[in-house]
Amino acid sequence: MAEATAGGAHETLETTRRDFIFIAAGAVGAVGTAATIWPFIDQMNPAADTRAMSTTEVNLSQIPVGQEIKAIWQGKPVFVRHRTPAEISQALRDDYAQLKDPQMDEDRTKQSNGSPGKAEWLILQANCTHLGCVPLPSFDPGYRGHYGGWFCPCHGSDYDTSGRIRQGPAPKNLYVAPYVYLNDTSIRIG
Amino acid sequence: MSGSSTYEPKSGFTRWLDKRLPIIRLTHDSFVAFPTPRNINYWWTFGAMLSLCLGVQIVTGIVLAMHYQPNIHDAFASVQRIQRDVPFGWLIQNLHAVGASMFFLAVYVHMFRGIYYGSYKAPREVLWILGCLIYVLMVATAFLGYTLPWGQMSFWGATVITNILGAIPFVGESIQVWIRGGGAIDQPTLNRFFSLHYLLPFVIAGVVVLHVWALHEAGQNNPTGVEPKTKDDTVPFTPYATMKDLFATSLFLILFATFVFFMPQALGHSDNFIPANPVQTPSEIVPEWYLLPFYAILRAFDFNIGPIDSKTAGVFAMFASIGVLFILPWLDTSRVRSMRYRPAARWWFMIFVAVALALGWCGGQNPSTVLAQPGSFRATLNWIANGQTSQQRIQVASPAAFQAASDAAEAQLRAQGATMTSVVRESGTTALALGVSRGSPETRVITAATSDDLEAEITAAKAQIGGSSPFVAIKREAPFQFTVTRFAQLLTAYYFFFFIVLLPLLGLREKPNRVPDTIAKSVLGQTQGAS
């Protein structure tokens, strides 16, 4: 009993050298543990070679009017579409239609450095903004859309000739891929 | 239940070992002498099947890893090579693929049994939570494993699921890139998924040890939910439970073997026989059957809830649907353990099982498929027959001035006597305003079963009305459509209602049936005690 009282009295004494050492050692240990764990977490982030593959160049002269190609940029497909004059004028008209995610067509052909692009070339990330499927273009036999652009076969999102969402579950327009013109017939994505 | 040990070493060696490592004693106490309630039924045999499934998956998985190549160019072909060229590879690969389905089949029965008989209630809360943890690990392992064959469904399933993680507020995108190891599902993703798929089963095995430990501490529940009163209410685990488990497991293995030998691909998706192609999406992306109920809950949220967008809400609901299981011991307020004595709860439970199955069905359907449509599509056409048309061009300097100019043009046409006007916009600054005057107003109502039929009929009607009338005002009305998504919304509502509202309230309101004296009083124990 007496010992217990003595122990209790001892604990109410002011901070000792030993307390300081305990806390300091614990703090250094915690920082050390965190510093040790971090490399094992960070190793899962994109590696240098993966990040190095971050740009893709596309030669536009090979794509006839009314067609598109899917370029691969950072492992993801990108639509490079050569629009017909009819598709361009429809996209301009639809600037004033009721849009879920309003955006002007000229903003959607803009280059990533801010200067205007060309109306006939539309460079879009090819993943539906709903859950990431690749939509089908209007000339594909599986196309079932009503707006002349792309139609996602997974859950029926319908995009117009500017890649803007018009109907279906997707919340956003197809994202514009960052690109710049290297010269009249080639672009660099990324 | 962890009473004093009844193990007695018989030989000199076992006596020597027992003093140093009492491993035979532990095994004897856990799997031979362990007291098992006399009255447990066949629903209690699924634990044994699950241990078997875990063993089968680990053994076949280790063998498959000797032949599989986690490389995006070779993965698909290496699985085909296992099927065709590796000696008995077809058997081992089928066992592994079918084994995953069997594992989930058994775990769902095991979980439903736990809910029905209240096996999560005190003192078995930790036992139940460990079980939920095992289930979550199983889902993660199955998802990782499904990516490995690198077929179309593997690739796009992984794409959709990692996109789902992107919906987590603030950190979603970073987590997505971190998990994928790049911007898209690619070589780094496949490589790490293979590594983690190999690791997780051993983590599961570790949690299973804890699960069994917790079971042996609290003792097994039984169909009455009344704890055994005396030693006479129990029998030793071996041979009674062991033999019963073996018999039930044999029946389970017949089902297992039927799939492995006669329809190994029946539970898979045909699109996974097409090698992964990042630029082409299969027509529909669906997970394996055992995850369909959660996929249905994810897709049921096609509407925004205030500031939460539909995608985030769906992801949250999907995680919550599993998360709610972890707190089930505290949601159910009833003091009666087994639903055998809960007349209302057992019916709500039966509905819950049906709802879970129906959610699974919804997850496999196209969400926009119409199940019922009480009305039909209607369109009201208004036009003016034999009228005179006048038109006016609109040209303004900037799009901002357009609306005023368009209103002015329409007002002017009306002032000239037009009874109907319309503006056809051609670009930001130009449009054509049309007006019709005199003539007789006409109306026609068109109905059709589907939207496409309606549009076709409208086109036909417009052709028939023809050039005498330059434009037709069309008002469309869509009927209410009961789609798969609507159905899934109802089912999702019940799923959460059952756990969050029903179980807490019912436990307070329900009058349980009386437990028969023969059970409550342990007649057997008393008579033996008296004699």
Side-chain angles (χ1 to χ4, degrees), chain A residues 41-47 49-54 68-79 88-97 104-106 125-136 140 142 144 146 150-157 167-172 177 190, chain B residues 72 156 158-164 166-167 174-189 191-192 195-196 277-286 298-299 301-304 309-312 314 366-368 399 402-403 424-431 451-452 455 485:
Chain A
I41 293 174
D42 192 44
Q43 53 83 22
M44 278 177 68
N45 276 316
D49 62 332
T50 309
R51 279 182 279 125
M53 291 193 302
S54 57
E68 72 174 26
I69 61 157
K70 287 175 204 149
I72 297 286
W73 168 61
Q74 295 185 347
K76 286 182 285 192
V78 172
F79 290 137
I88 296 168
S89 58
Q90 194 183 342
L92 291 171
R93 267 205 307 279
D94 286 351
D95 280 352
Y96 303 94
M104 305 292 269
D105 187 59
E106 65 173 337
Q125 297 196 28
N127 295 103
C128 180
T129 54
H130 180 224
L131 288 173
C133 300
V134 178
L136 302 169
D140 189 282
R144 283 185 284 130
H146 297 102
W150 289 268
F151 178 80
C152 183
C154 292
H155 303 108
S157 292
Q167 215 172 50
K172 295 276 178 195
Chain B
I72 55 169
W156 289 100
T159 299
V160 168
I161 299 297
T162 47
N163 272 340
I164 282 170
S174 314
I175 291 180
Q176 193 180 322
V177 171
W178 180 72
I179 297 243
R180 288 175 174 172
I185 301 288
D186 212 331
Q187 179 59 45
T189 327
N191 233 143
R192 66 190 52 188
S195 169
L196 293 172
N277 181 356
V279 298
Q280 201 190 358
T281 309
S283 59
E284 201 155 8
I285 301 172
V286 285
L298 169 78
R299 293 194 305 188
F301 288 80
D302 64 345
F303 51 89
N304 298 344
D309 70 63
S310 53
K311 197 167 145 187
T312 314
N366 185 331
S368 54
F402 184 85
Q403 195 56 46
V424 182
R425 191 156 186 176
E426 286 163 345
S427 77
T429 52
T430 58
S451 149
D452 285 349
E455 293 307 318
T485 304

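The sequence lines fix the lettering, A, B, ..., with proteins before strands; numbering per chain opens at 1.
No donor-acceptor distance shorter than 3.5 angstrom exists from the side chain of A/K172 to the backbone of A/T129, with no hydrogens or angles considered.
For A/I72, the part lying under 4.5 angstrom from a heavy atom of chain B is the side chain only. Proximity to chain A (any heavy atom under 4.5 Å) is shown, for B/I161, by neither the backbone nor the side chain. Using a 4.5 Å cut-off between heavy atoms, A/N45 contacts chain B through both its backbone and its side chain. With a threshold of 4.5 angstrom between heavy atoms, B/W178 approaches chain A through its backbone and through its side chain.
Among A/G142, A/G132, A/S89, the residue making the largest number of heavy-atom pairs under 4.5 Å with chain B is A/G132. Highest contact tally toward chain A, considering only B/G182, B/A184, B/G181, is held by B/G181 [criterion: heavy-atom pairs under 4.5 Å]. Annotation: maximal heavy-atom pairing with chain B below 4.5 Å, among A/R51, A/K76, A/Q43, occurs at A/K76. Most heavy-atom pairs under 4.5 Å with chain B, from the set A/D95, A/L136, A/I41: that is A/I41.
Here the straight-line distance linking atom OG1 of B/T312 with atom CD1 of B/I164 works out to 11.0 Å at 0.5 Å rounding. The CD1 atom of B/I175 sits 11.0 Å away from the CE atom of A/M44 when rounded to the nearest 0.5 Å. Separating the CD1 atom in B/I72 from the CD atom in B/Q187 is a distance of 5.0 Å, to the nearest 0.5 Å.
Nearest heavy-atom pair across A/T50 and B/P188 is OG1-CG, 4.4 Å. Here the closest non-hydrogen pair linking A/V134 and A/P77 is CG2-CG, 4.0 Å.
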